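Report on the structure given below.
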2 protein chains.
Amino acid sequence: MSTKTKQKKIGDYVKTTENSMKRGREKDGDDSESKKPKSGQVDLSSINFGCDKKNSKDKPWTMKIVSWNVAGMRAWLKKDVIGYLKKEDPDIFCLQEIKCTEKQMPEEAKLSGYKIYINPGEKAGYSGVALFSKTKPIRVRMGKEIKELDDNEGRVIEAEYEQFFLVSTYIPNAGQGLKTLPKRMKWDEKFRNYLKELDEKKPVILTGDLNVAHQEIDIANPKTNTKSAGFTKEERDNMTLLLEQGFVDTFRTLYPEKTGAYTYWTYFSNARARNVGWRLDYFLLSERFMENVCDCVIRSEILGSDHCPIVFYINI
Amino acid sequence: MSTKTKQKKIGDYVKTTENSMKRGREKDGDDSESKKPKSGQVDLSSINFGCDKKNSKDKPWTMKIVSWNVAGMRAWLKKDVIGYLKKEDPDIFCLQEIKCTEKQMPEEAKLSGYKIYINPGEKAGYSGVALFSKTKPIRVRMGKEIKELDDNEGRVIEAEYEQFFLVSTYIPNAGQGLKTLPKRMKWDEKFRNYLKELDEKKPVILTGDLNVAHQEIDIANPKTNTKSAGFTKEERDNMTLLLEQGFVDTFRTLYPEKTGAYTYWTYFSNARARNVGWRLDYFLLSERFMENVCDCVIRSEILGSDHCPIVFYINI
DNA sequence: CATGTTAAG
DNA sequence: CTTAGCATG
C-alpha cells in the first residue's frame, strides 16, 4: 500500500487574497496591553491572530478552532499559556494529554465564556482530552458514550454542531520499541470506521494529536525514524486509509511544498531550537466541507508543551 | 516504663571555659574567601566552626565528627552543601538517607582527603548511609557484614578506630499510621543488643538519625504527636533502654534545659521557619567515654535537607 | 528531557 | 512539601 495520497491543491479550495489585513472578525486590534513578555512565553505582539485568507467562495473566516497537545495541563498552565489563549480567542479549542481530572484542573484553566467538556480517562495522570466551546454544541459524546470506540483512556470528545461534527482526539502512541503498535493498529481501524459513520451524517472536522507524521515532508529525519513510533509504515498507511476514505489534511493541502512545518519536537537534545520536529497534529476535514476553509496555521512560536498549537480558520 | 532517664549534668563531663576562643586546632581563621552567600545556602562567615569548650580534663578538642541526614544526596548536592562541609572540615562525617549507590553518587561528593564507605541498601533510591573519614579506620563493617543486624536497607556503618567504635545509623521510620512500628521495634531490640556487645569491646560513639525525639523537650508539639512516628511511647522507651544500657545523649546532657533545639523540621507548612521541629539526630556515647567530650552542636542554620547537621567535638 | 504517578518520609 | 523511582511519551 502506498503512503502517498493524492490531495487536491490550494486553488481547489482556498482563494488566496493579497494579504489584505481584512479579517472576518475585528478582534485583534488591542495590543495596547501586556507588551511585556511574560515568564517563559514568547512575545505575543508580533503574532497575527487573525487570518488574511478567504475561502474558495471568497468569504472570510467566521470561526476559529485551536488544537493543542498540552502534555500535562497543570505544568502547562505554569507557562503563561492563558495569556496566549485569550489573545488567540478561538471559538473552540481542543486540548489533548491533559493528564488530569476535572477536579484536579486548576480554576484558572476554566476560562469564562466557554462550555467545558472533559474526558479524563481512567488511568491517573495519563492521556485525557478536553474541549472548550463558546457556543453550546447540540450534543457532546465522549469516552464510553461512543460505543464503537469503547474509549476508557480519555482519547476522544465528539461535539455536534449545526453544520458539522467536531472530533478531538489523542491517538494512542505506538510506544518505545513499538510495543503498543498492535493496540494502535486496532484503535486506528475502529476509529476509521467510527469516522466513516459520522461523516455519513454531517461533515466532520477531525483535530488533535494523530500521533503520526504522514509523509517524509512531515518529519525532519524521515530516514532514521522508519522504526520509530509515529513514522512506521503501518501508522502512515492507516492515515492514508483515512484520507482515502474522504478526509483532507488541510494544512498539507494548503501548503503542499512547505518543509520544516512541525507541531512536535522532542524535549531531548534541544530539538525544538534546531527545528528537528514532527507534524503530528492535524485538522482533517470531510472533503465536501473543504470549500469553507480559510486557513490552517501552525503556531510554532507558542511555548508550553512539546507540541505547539495549531489553528484552523473557516467560514461557517 | 518511664521515658525519663537520669542523665548526668554538664559539670560531670565538660569544663566550660570562659569562651576563650582558643581552639584545639587553628583551622578557621581564613574567612577571606567566599564571603558571598551562595545559592540557597546561608552565609557561612558568621559561624564558629571551632569549639571554645574543653573536656572535663581541661583538654581542647582534637577531633570533630559531623552527622547529617541528607534526605537524598543528589538533590542535597545541588544546594551548596560542599562549601559548608569544606568549611566545617570534620575528621569524620556520616551521612544518612543518601538514596543512591556509589555509582550514582556525583563525583563532586567524593571529597579528597577522605576515605569513603558506602552502604546503599538494596532498594533503589531508599535509605542508604555513607561514612567519610580522614584517617583510615582499623576496620569497617556494614550491611550484612554485621551478622547480628542483617541490614539490607543501608542503615548502619561501623568504623573501628584505635580508641573507639563509631557507628552511624539511620533507624527505620515507624511509618504513616505507625504501620512499620513492629518492624521498628524489632530493629531497636537487635540494634540495642548489637551495641551492647560492641560497647564491651571498646567505647562506642553512636550517631545518626535515631528517628525518635526522646523527651517532650525534644519536640515542638509533644501533645499532638504521641501517635506520630518518632514520638510514640514505644520508640521513646526504646531510646530510654539504650541510655539505661550505658549510653549518654551528649547534647541533652550538656544542655539539659535547652528548648527549641531541633535537628529536623517537616517540609510541610513552613515548619523550619517557625522552628516547629524534632530532635531526631544524636551523638550517643558510651558513658565511660564522656570525660573526653568537649561539645555537641546543632547547626540549625545549615540548609540542604529537612534535617540539619550536628557536630561533635572530642579530645582523643 | 518532561510530566504526573507512586512510595516513603 | 520533598526525594527518588517509574511509566509514558
Side-chain angles (χ1 to χ4, degrees), chain A residues 40 69-79 96-101 104-106 120-128 153-155 170-180 183-184 209 211-212 228-230 264-273 276 278 280 303-307, chain B residues 40 69-79 96-101 104-106 120-128 153-154 170-180 183-184 209 211-212 228-230 264-274 276 278 280 303-307:
Chain A
N69 178 320
V70 299
M73 193 167 191
R74 284 166 287 179
W76 172 78
L77 281 166
K78 292 173 186 159
K79 296 167 193 163
Q96 298 88 33
E97 276 204 273
I98 59 172
K99 296 183 176 181
C100 67
T101 61
Q104 294 170 315
M105 190 179 290
E122 286 172 7
K123 201 197 294 183
Y126 178 72
S127 189
E153 294 193 315
R155 300 200 174 272
Y170 169 53
I171 302 273
N173 191 296
Q176 282 196 329
L178 300 176
K179 65 174 180 287
T180 51
K183 168 190 173 187
R184 164 64 174 271
D209 177 359
N211 245 323
V212 61
S228 303
Y264 162 83
W265 306 261
T266 175
Y267 281 124
F268 295 95
S269 66
N270 212 18
R272 190 159 183 173
V276 178
W278 305 50
L280 302 179
L303 306 177
S305 162
D306 49 0
H307 293 246
Chain B
N69 179 321
V70 299
M73 193 168 191
R74 283 166 287 179
W76 171 79
L77 281 166
K78 292 172 186 161
K79 296 165 192 166
Q96 299 89 33
E97 277 203 271
I98 60 172
K99 296 183 176 182
C100 69
T101 61
Q104 294 170 314
M105 189 178 292
E122 287 173 6
K123 201 197 295 183
Y126 178 73
S127 187
E153 295 193 313
Y170 170 53
I171 302 273
N173 191 296
Q176 281 197 328
L178 301 176
K179 63 174 182 287
T180 50
K183 168 190 172 185
R184 164 64 174 271
D209 177 359
N211 244 321
V212 60
S228 304
Y264 162 83
W265 306 261
T266 175
Y267 280 124
F268 297 100
S269 66
N270 212 19
R272 190 160 185 172
R274 300 183 292 127
V276 178
W278 306 50
L280 301 179
L303 305 177
S305 163
D306 49 1
H307 294 246

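A, B, ... follow the sequence lines: proteins, then strands. Residue 1 opens every chain. Quick caveat, the model's predicted, so the values are computed rather than measured.
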Could you state the atom-to-atom distance from [atom1] of [X] to [atom2] of [N] in whole Å?
{"X": "Leu280(B)", "N": "dG9(C)", "atom1": "CG", "atom2": "C1'", "result": "11 Å"}
{"X": "Arg155(A)", "N": "dT8(D)", "atom1": "CZ", "atom2": "P", "result": "11 Å"}
{"X": "His307(B)", "N": "dC1(D)", "atom1": "NE2", "atom2": "P", "result": "18 Å"}
{"X": "Ile98(B)", "N": "dG5(D)", "atom1": "CD1", "atom2": "P", "result": "12 Å"}
{"X": "Lys99(A)", "N": "dG9(D)", "atom1": "NZ", "atom2": "C1'", "result": "6 Å"}
{"X": "Leu178(B)", "N": "dG9(C)", "atom1": "CG", "atom2": "C1'", "result": "14 Å"}
{"X": "Asp306(A)", "N": "dT3(C)", "atom1": "CG", "atom2": "P", "result": "9 Å"}
{"X": "Glu122(B)", "N": "dG5(D)", "atom1": "CD", "atom2": "C1'", "result": "17 Å"}

Q. For Val212(B) and Trp278(B), what are the C-alpha separation, side-chain angles and deciding distance, and is it a side-chain contact (heavy atoms from CB on, under 4.5 Å)?
A. CA-CA 8 Å; Val212(B) 60; Trp278(B) 306 50; over 6 Å; no
Measuring from atom [atom1] of [X] to atom [atom2] of [Y], what distance do you get when rounded to the nearest 0.5 angstrom?
{"X": "Asp306(A)", "Y": "Thr266(A)", "atom1": "CG", "atom2": "OG1", "answer": "7.0 Å"}
{"X": "Leu178(B)", "Y": "Ser228(B)", "atom1": "CG", "atom2": "OG", "answer": "7.5 Å"}
{"X": "Arg155(A)", "Y": "Asn211(A)", "atom1": "CZ", "atom2": "CG", "answer": "8.0 Å"}

Look at the side chain of [X] and decide which nucleotide, out of [options], has an atom nearest to it.
{"X": "Arg74(A)", "options": "dG4(C), dG9(D), dT3(C)", "result": "dG4(C)"}
{"X": "Asn173(B)", "options": "dG5(D), dG9(C), dG4(C)", "result": "dG9(C)"}
{"X": "Phe268(B)", "options": "dG9(C), dA8(C), dG4(C)", "result": "dG9(C)"}

**Q.** Geometric class of the Tyr264(A)/His307(A) ring pair [parallel <30°, tilted 30-60°, perpendicular >60°]
**A.** tilted
Q: Assign Glu153(A) to base, sugar-phosphate, or nothing according to its heavy-atom contacts below 4.0 angstrom with the strands shown.
A: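 Result for Glu153(A) = nothing.
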Q) Contact class for Tyr170(B) (heavy atom, under 4.0 Å): base, sugar-phosphate, or nothing? A) sugar-phosphate
Is [X] near enough to [N] that one of its side-chain N or O atoms lies under 4.0 angstrom from OP1 or OP2?
{"X": "Lys123(B)", "N": "dA8(C)", "answer": "yes"}
{"X": "Gln104(A)", "N": "dT3(C)", "answer": "no"}
{"X": "Tyr126(A)", "N": "dG9(D)", "answer": "yes"}

Q | First encountered from the 5' end of DNA chain C, between Gly72(A) and Ser269(A) | A | Ser269(A)
Q. Taking the nucleotide of DNA chain C with the closest heavy atom to each, which residue, Thr266(B) or Ala71(A), is nearer the 5' end?
A. Ala71(A)
